[in-house]
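All remarks here apply to the structure that follows.
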Number of protein chains: 2
Amino acid sequence: MRTPEELSELFRQRGRKVTPQRQCIFRVLEGNVTHPSAEVVYEAARAEMPTISLKTVYQTLNDLAELGEIQALDLGTGMARFDPNVDGAHHHLVCHECGKVRDLYADLDGLTIGQSDAQGYDVRSAEVVFRGRCEDCRTAEGAGAGASAGSGRRASFRAATTATE
Amino acid sequence: MRTPEELSELFRQRGRKVTPQRQCIFRVLEGNVTHPSAEVVYEAARAEMPTISLKTVYQTLNDLAELGEIQALDLGTGMARFDPNVDGAHHHLVCHECGKVRDLYADLDGLTIGQSDAQGYDVRSAEVVFRGRCEDCRTAEGAGAGASAGSGRRASFRAATTATE
DNA sequence: TGTCAATTAACAATCGTTGGCAATAGAGTG
DNA sequence: CACTCTATTGCCAACGATTGTTAATTGACA
């Protein structure tokens, strides 16, 4: 996602008006690595601007997604998550317990399929979602029995991590 | 997913009763590669058993998912899709236009991450969802302009296909 | 045969999200 | 500055998928 200033310019170019509400949402999203839901963006925005409405938040998030400045993610957590990081080459680690999401910068050059394998699909994107329990959930609750240990998992591509909530 | 007979046996073992409704749903799912939604299962079941209720369908699908006999998928199509194929090693091609899903049997040995990359997550599963427009949607509507052609995509793993709806 | 789970119908309720509406505010343009 | 037209707000209704409730009935299994 671009900077709030650049976004303002972009909105103007597209005939959209640059309102304080929208600027507020731009700021909330700037550098946000928590993959927030609309509700979370709403709360954060209200901290600065108590009268902002949930409607406007949804509206603006959709506008941004339309412009390709953020990505709406369906990670199976029950609600849309919005990711200002549109750098493409990253995927997601999702905790099935608390819903926490972490970015996974992975060397997934291999993650494309040839036309012959695409079964006629015009493939535009490939998303990988890794699911498991995050460290917090593991240490917090499951103090006793530890069945897993992730025995045979192989590391087959390089990955670099990035924060999140 | 096992055969209806085996499922019946399994249900009895678990103290669940084997009702005609459940058996009907077992049959609907047997060999079903269409990744049906609950509603679709409901319709198919009603063909055989007109009085079956949607509630029972949801109940039974959840039971089967609990037992690991089917997998509930969230493919971003707005509703849960149920996959009797639990063979693990396959992923999905989703048409963002009509929602059609195709199995993609892919050689994705590479699709595991090492403990060091898992950021403390106890990773249990990795799903890959490829999104695009299916052949039907492409030929049907987009007769004229064809911008794409999927220029630079590389084929980097073998994939075998499987039917779907 | 008897018990207890399962089913049914009909309906309310949930949750995330979108829509309508009327009134007001305010951004952009001239 | 003034005008216009979009945006915002508040409030509430509605959506679609799913789950819950209730009470009455059915039927599987021991």
Side-chain angles (χ1 to χ4, degrees), chain A residues 4-5 7-28 35-43 45-46 48-67 70-83 99 101, chain B residues 4-5 7-26 28 35-43 45-46 48-67 70-82 99 101:
Chain A
E5 297 73 38
L7 288 178
S8 296
E9 188 50 37
L10 180 65
F11 266 56
R12 280 197 200 90
Q13 286 173 11
R14 303 299 180 103
R16 292 171 161 100
K17 293 184 176 174
V18 177
T19 66
Q21 289 87 346
R22 288 178 172 172
Q23 290 176 305
C24 176
I25 294 171
F26 295 167
R27 286 194 298 274
V28 168
H35 306 79
S37 63
E39 201 71 34
V40 169
V41 173
Y42 177 48
E43 292 305 330
R46 271 211 296 189
E48 278 187 52
M49 186 176 282
T51 69
I52 196 171
S53 76
L54 181 57
K55 201 118 198 284
T56 300
V57 171
Y58 272 109
Q59 178 64 43
T60 303
L61 289 173
N62 286 338
D63 287 346
L64 286 168
E66 245 176 54
L67 296 172
I70 64 177
Q71 197 192 354
L73 301 172
D74 181 350
L75 298 172
T77 57
M79 57 217 152
R81 300 290 208 101
F82 297 89
D83 194 347
V101 179
Chain B
E5 298 74 38
L7 288 178
S8 296
E9 188 50 38
L10 180 65
F11 265 56
R12 281 199 199 87
Q13 286 174 12
R14 301 301 180 101
R16 292 173 160 99
K17 293 183 176 173
V18 178
T19 66
Q21 289 87 346
R22 288 176 173 175
Q23 290 175 304
C24 176
I25 293 171
F26 296 167
V28 167
H35 306 79
S37 63
E39 200 71 34
V40 169
V41 172
Y42 177 49
E43 291 306 329
R46 271 210 297 189
E48 277 188 53
M49 186 176 282
T51 69
I52 196 171
S53 77
L54 181 56
K55 199 104 201 290
T56 300
V57 171
Y58 271 108
Q59 178 63 44
T60 303
L61 289 174
N62 285 338
D63 287 347
L64 286 168
E66 244 176 55
L67 295 173
I70 64 178
Q71 197 193 353
L73 301 172
D74 181 351
L75 298 172
T77 56
M79 58 217 153
R81 300 291 209 103
F82 297 89
V101 179

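By convention in this document, chain letters (A, B, ...) are assigned in the order of the sequence lines, proteins followed by strands, and residues within each chain are numbered from 1.
Minimum atom distance to the side chain of A/Arg16 is reached by D/dA7, of the listed C/dT8, C/dT18, D/dA7. Side-chain proximity of B/Ser53 to the nucleotides C/dT8, C/dT17, D/dT8 is greatest for C/dT8. The nucleotide whose nearest atom lies closest to any side-chain atom of A/Lys17 is, among C/dG28, C/dT7, C/dT17, C/dG28. For B/Met79, the side-chain atoms get nearest to D/dT18 when compared with the rest of D/dT18, D/dT8, D/dA28.
One interatomic measurement links the two molecules: CG of A/Leu61 to C1' of C/dG16, which rounds to 13 Å at whole-angstrom precision. Atom CG in A/Asp63 sits about 11 Å away from atom P in C/dT18, given to the nearest Å. Between A/Leu54 atom CG and D/dC11 atom C1' the separation is 13 Å, expressed in whole Å. We find that CG of A/Leu10 is positioned 19 Å from P of C/dA27, with the value rounded to whole Å. When the P atom of C/dT7 is taken as reference, atom OH of B/Tyr42 falls 14 Å away, rounded to whole Å. Atom P of nucleotide D/dC15 and atom CD of B/Glu39 are separated by 15 Å, given to the nearest angstrom. In this structure, A/Arg14 places its CZ atom 17 Å from C1' of D/dT6, rounding to the nearest Å. In this structure, the CD atom of B/Glu43 is 12 Å from the P atom of D/dA17, given to the nearest Å.
Closest of all the heavy-atom pairs between B/Arg81 and B/His35 is NH1-O, 2.6 Å. Closest approach of A/Ala72 to A/Phe82, counting heavy atoms only: CB-CE2, 4.0 Å. Smallest separation of non-hydrogen atoms from A/Ser8 and A/Gln23: OG-NE2, 3.9 Å.
Contact annotation: A/Arg12 side-chain N/O to C/dG28 OP1/OP2 distance is under 4.0 Å. Taking side-chain N and O atoms only, A/Thr19 has a distance below 4.0 Å to OP1 or OP2 of D/dT8. For C/dT18, neither phosphate oxygen OP1 nor OP2 lies less than 4.0 angstrom from any side-chain nitrogen or oxygen of A/Tyr58. Side-chain N/O atoms of A/Gln21 include none lying less than 4.0 angstrom from OP1 or OP2 on C/dG26.
At the heavy-atom level, A/Gly15 lies nowhere under 4.0 Å from the strands shown. Using a 4.0 Å heavy-atom cutoff across all strands shown, A/Thr51 reaches sugar-phosphate atoms only and no base atom. Using a 4.0 Å heavy-atom cutoff across all strands shown, B/Asn62 reaches sugar-phosphate atoms only and no base atom.
On a pure distance criterion of 3.5 Å, a polar donor-acceptor pair joins the side chain of B/Lys55 and the base of D/dT21.
No side-chain heavy atom of B/Arg22 sits less than 4.5 Å from a side-chain heavy atom of B/Ile25.
Between B/Arg22 and A/Gly78, the residue whose closest nucleotide on DNA chain C is further toward the 5' end is B/Arg22. Between B/Ala80 and B/Ser8, it is B/Ala80 whose nearest contact on DNA chain D lies nearer the 5' terminus.
A cation-pi arrangement, defined by a distance under 6.0 Å to the six-membered ring centre and an angle within 45 degrees of its axis, is present between A/Arg46 and A/Tyr42.
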(request) Please test A/Asp63 against A/Arg14 for side-chain contact (heavy atoms from CB on, under 4.5 Å), starting from the C-alpha separation and ending with a verdict. (result) CA-CA 11 Å; A/Asp63 287 346; A/Arg14 303 299 180 103; over 6 Å; no
